[in-house]
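Beneath this line is the structure, given in structure tokens, with notes to follow.
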Amino acid sequence: MNPIDWIVLLVTMVGIAAYGAWRTRHTDHLDTYLKGSKSTRWGTIGISVMATQASAITFLSIPGQGFESGIGFVQNYFGLPLALIIVCAVFLPIYRKLGVYTAYEYLGQRFDSKTRLLGAGLFLLQRGLAAGVTIYAPAIILSSVLGWSLNLTIIATGLLVIVYTVTGGSAAVSLTQKWQMGVIFGGMVTAFLILLARLPAGLGFGGAAHVAGAMGKLQAVDFSFDPDKRYTLWTGIFGGLFLSLSYFGTDQSQVQRYIGGASLREGRLGLMFNALLKIPMQFFILLLGALVFVFYQFEPAPVFYNRVEWSRHAAGPGGAAFRALEEKHAALHVVKQEKIRAWLDTRDRGDSAAEPAARAAMVAANAATDVVRKEAKAALTAADPLAKTKDSDYVFIGFILAQLPHGVIGLLIAVMIAAALGSKAGELNALGTTSTIDLWRHFRPLAAHDEVRNVRAAKWLTAFWGAVAIVFALFAGFSENLIEAINILGSIFYGVVLGIFLVAFFLKKVGGTAVFWAAIAAQTLVIVLYNVLTISYLWYNLIGCAACVVISLGLQAALGGKPSLATDEHG
């Protein structure tokens with residue numbers, strides 16, 4: 001990065017944060033601080049919902065996913081549109097009718113205090129860890145590639161988002177997320193256009209798509225019924241439906257984004273905005289990764305994309321073996337380029353007789369380079385058992401730094417940091433709100449009507465969770481698979497939480513005691529199954545939800561009698 005990149009980066013990031021803090025500096029009413037402005041329209045709601053979900057991991061890891069495995073990951077979102085329709089029809093009207101601040105406050109009204117605290121506790125546990133990962137994940141990559149101090153990167157981004165989130169609450173989060181998403185979309189479109197321009201002359205988008213398809217990168221849908229496959233049409237529709245229902249309908253970081261606003265209609269339109277755009281956005285990001293794959297078929301490609309990690313070992317005592325792997329990969333890469341051009345030539349000539357053989361030769365040449373990449377990762381592990389051998393997250397950031405012009409580099413780095421800030425702001429805002437409403441006011445009922453005291457408590461609790469996230473991120477490096485583990489963690493807990501809410505909405509004869517112990521039993525079942533089965537983690541959303549509902553009905557039948565409800569206002 002040169003001075004131009006630094007100016008673009010700092011002006012973009014600090015400017016947006018300062019603007020958000022200044023515009024919302026007088027937010028001193030609890031309703032506005034926790035729910036945002038009552039005049040918020042659907043566009044701001046929709047962008048805020050999208051920004052909270054789209055963390056920096058999305059824009060670092062998803063292009064790498066498209067590069068490495070193709071666009072099949074998009075199936076993960078196939079259940080999302082239907083889930084958002086259900087949230088609009090069922091969840092949102094109930095939340096607005098009761099005027100709750102948190103989803104778990106509703107559980108207290110429908111059931112009892114212990115069920116409310118269980119829901120809030122599961123959220124705080126899961127989202128509290130996720131907030132740390134939100135800054136840790138991009139920080140470890142950016143610090144490695146750019147040579148920044150990891151701890152300084154974590155602390156700087158963490159403090160920046162704490163300042164404007166604590167200052168303006170939900171209003172500041174929604175306001176800044178709108179500008180951050182503008183930077184993100186502008187940066188990603190710019191990267192896409194420059195990538196197309198950098199492809200070989202005459203190849204174009206159509207030719208690149210043909211190469212990516214022939215290499216197996218454009219299979220968007222897998223109809224396999226194999227439960228062990230992580231991403232298929234069925235895991236996306238069914239597992240993804242229940243995952244999205246729980247995330248958008250019961251996770252406070254999302255609920256808080258849409259329960260405020262000007263009206264029920266505005267909230268629904270904001271959610272429908274995401275229902276329409278989320279799959280195309282994810283498809284676009286995955287396609288970008290697939291096109292980066294095509295780009296590196298015609299340009300010199302590293303044997304390992306975390307170049308800092310590779311260079312450290314290549315310069316060490318065993319460097320000769322690493323350099324030999326580099327040379328072997330480079331030689332095979334040249335052969336692969338020849339096979340690709342030969343295949344393209346047969347297509348251009350319309351030689352249908354020679355095309356299958358040329359395609360098979362191209363695919364075989366690509367497989368040969370993949371073998372060397374596996375050998376490189378094995379060599380890294382042999383040299384250092386703690387070495388991070390997953391390099392797909394470094395593909396896109398490496399492309400940005402090596403191929404894009406200065407100024408655009410600063411903009412794309414700003415995209416990564418903007419995504420991290422936007423997502424983390426939404427999480428901290430929700431953590432502070434849940435702690436204030438479901439813990440602070442619950443255990444200190446005399447403070448319920450003290451507006452100033454409640455806002456002050458919300459600000460301190462938001463800052464507290466920001467500090468927890470920073471501390472967790474600073475000490476998170478001990479786990480190699482931390483990011484993947486946190487992603488799976490959501491599916492382990494989300495299904496059970498969703499089950500509690502579905503019982504609350506639709507099974508009026510089930511009371512708090514039955515659903516509380518059913519949730520405990522269902523959560524235990526999911527954890528046990530996760531440790532003994534090898535099925536896709538998406539299925540645990542369905543399993544946890546179904547188990548909670550069925551066990552609730554069984555326990556209520558065993559308890560007998562009509563349950564006493566905390567309120568009749570439960571939809």
Side-chain angles (χ1 to χ4, degrees), residues 27 29-36 38 40 45 48-49 52 87 90-128 130-131 165 169-171 173-174 245-261 264 267 271 425-445 447-449 451 454-455 457-462 464-465 490 493-494 496-505 512 515-516 519 566-567 569-571:
T27 303
H29 294 289
L30 187 67
D31 197 60
T32 303
Y33 189 82
L34 298 185
K35 291 185 179 180
K38 292 183 179 180
T40 303
I45 293 172
S48 188
V49 167
T52 299
V87 171
V90 179
F91 292 71
L92 179 55
I94 293 175
Y95 293 151
R96 287 192 65 96
K97 178 183 178 182
L98 298 180
V100 295
Y101 287 104
T102 75
Y104 321 109
E105 189 179 6
Y106 163 69
L107 292 181
Q109 294 185 31
R110 167 61 176 87
F111 292 122
D112 51 34
S113 295
K114 65 178 180 296
T115 308
R116 174 185 183 178
L117 293 175
L118 175 63
L122 289 175
F123 167 75
L124 292 173
L125 171 65
Q126 176 185 297
R127 192 53 59 187
T165 306
S170 191
V173 172
S174 297
L245 261 181
S246 187
Y247 178 59
F248 288 100
T250 73
D251 189 303
Q252 182 62 23
S253 65
Q254 283 294 351
V255 172
Q256 193 155 344
R257 307 274 60 82
Y258 61 74
I259 60 173
L264 173 63
L271 289 173
E427 291 170 340
L428 292 186
N429 189 216
L431 288 164
T433 299
T434 303
S435 300
T436 302
I437 299 300
D438 296 301
L439 299 182
W440 163 262
R441 292 212 318 185
H442 178 73
F443 290 109
R444 305 196 60 161
H449 302 291
E451 189 86 1
N454 282 322
V455 172
K459 290 184 175 184
W460 277 109
L461 288 168
T462 301
F464 165 77
W465 282 109
F493 286 98
Y494 272 150
V496 174
V497 176
L498 176 62
I500 297 173
F501 277 84
L502 293 184
V503 170
F505 293 149
V515 76
F516 177 85
T567 179
E569 298 286 346
H570 58 287

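All figures in this text were calculated on a predicted structure; none of them were measured in a lab.
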Once you round to the nearest 0.5 Å, how far does [atom1] of [X] lie from [atom2] of [Y]?
X	Y	atom1	atom2	result
Y106	Y95	OH	OH	8.0 Å
L461	T433	CG	OG1	9.5 Å
I259	T102	CD1	OG1	7.5 Å
T115	F501	OG1	CZ	10.5 Å
F493	L125	CZ	CG	5.5 Å
L98	R110	CG	CZ	11.5 Å

Does Y247 form a side chain to side chain contact (heavy atoms under 4.5 Å, CB included) with Y494? I'd like the steps, not just the answer. CA-CA 7 Å; Y247 178 59; Y494 272 150; 3.1 Å; yes
In chain order, what residues pass the ring-ring contact (aromatic ring centres under 6.0 Å, His included) check against F91, with sequence neighbours excluded? F505
According to ring-ring contact (aromatic ring centres under 6.0 Å, His included), who are the partners of Y258, at least two apart in sequence or on a separate chain? none
For the pair V49 and F248, evaluate side chain to side chain contact (heavy atoms under 4.5 Å, CB included) and give the outcome as yes or no after the intermediate values. CA-CA 9 Å; V49 167; F248 288 100; 3.6 Å; yes
Within a strict 4.5 Å, meaning less than it, do heavy atoms of the [X] and [Y] side chains meet?
X	Y	value
L431	L124	yes
T436	Y101	no
L439	L117	yes

Does R127 have any salt bridge (charged side-chain N to carboxylate O under 4.0 Å, His left out) partners at least two apart in sequence or in another chain, and if so, which? D251, E427
Using a 3.5 Å distance criterion without hydrogens, assess whether the side chain of Q252 forms a donor-acceptor pair with backbone atoms of A103. yes
Where the side chain of Q254 meets the backbone of G249, is there a donor-acceptor pair that is under 3.5 Å apart? no
E105: which residues meet the side-chain hydrogen bond (donor to acceptor under 3.5 Å, both in side chains) condition with it, sequence neighbours left out? none
Which atom of L107 lies closest to which atom of G119, heavy atoms considered: CD1-CA, 4.4 Å
Taking every non-hydrogen atom, the tightest pair across A519 and I500: CB-CD1, 3.7 Å
Check side-chain contact (heavy atoms from CB on, under 4.5 Å) between A120 and all other residues, then give those that pass, not counting sequence neighbours. Y104, T434, D438
If we check side-chain contact (heavy atoms from CB on, under 4.5 Å) with D112, which of these qualifies: Q109, R116, K114? K114
Verdict with reasoning, L118 to V497, per side chain to side chain contact (heavy atoms under 4.5 Å, CB included): CA-CA 9 Å; L118 175 63; V497 176; over 6 Å; no
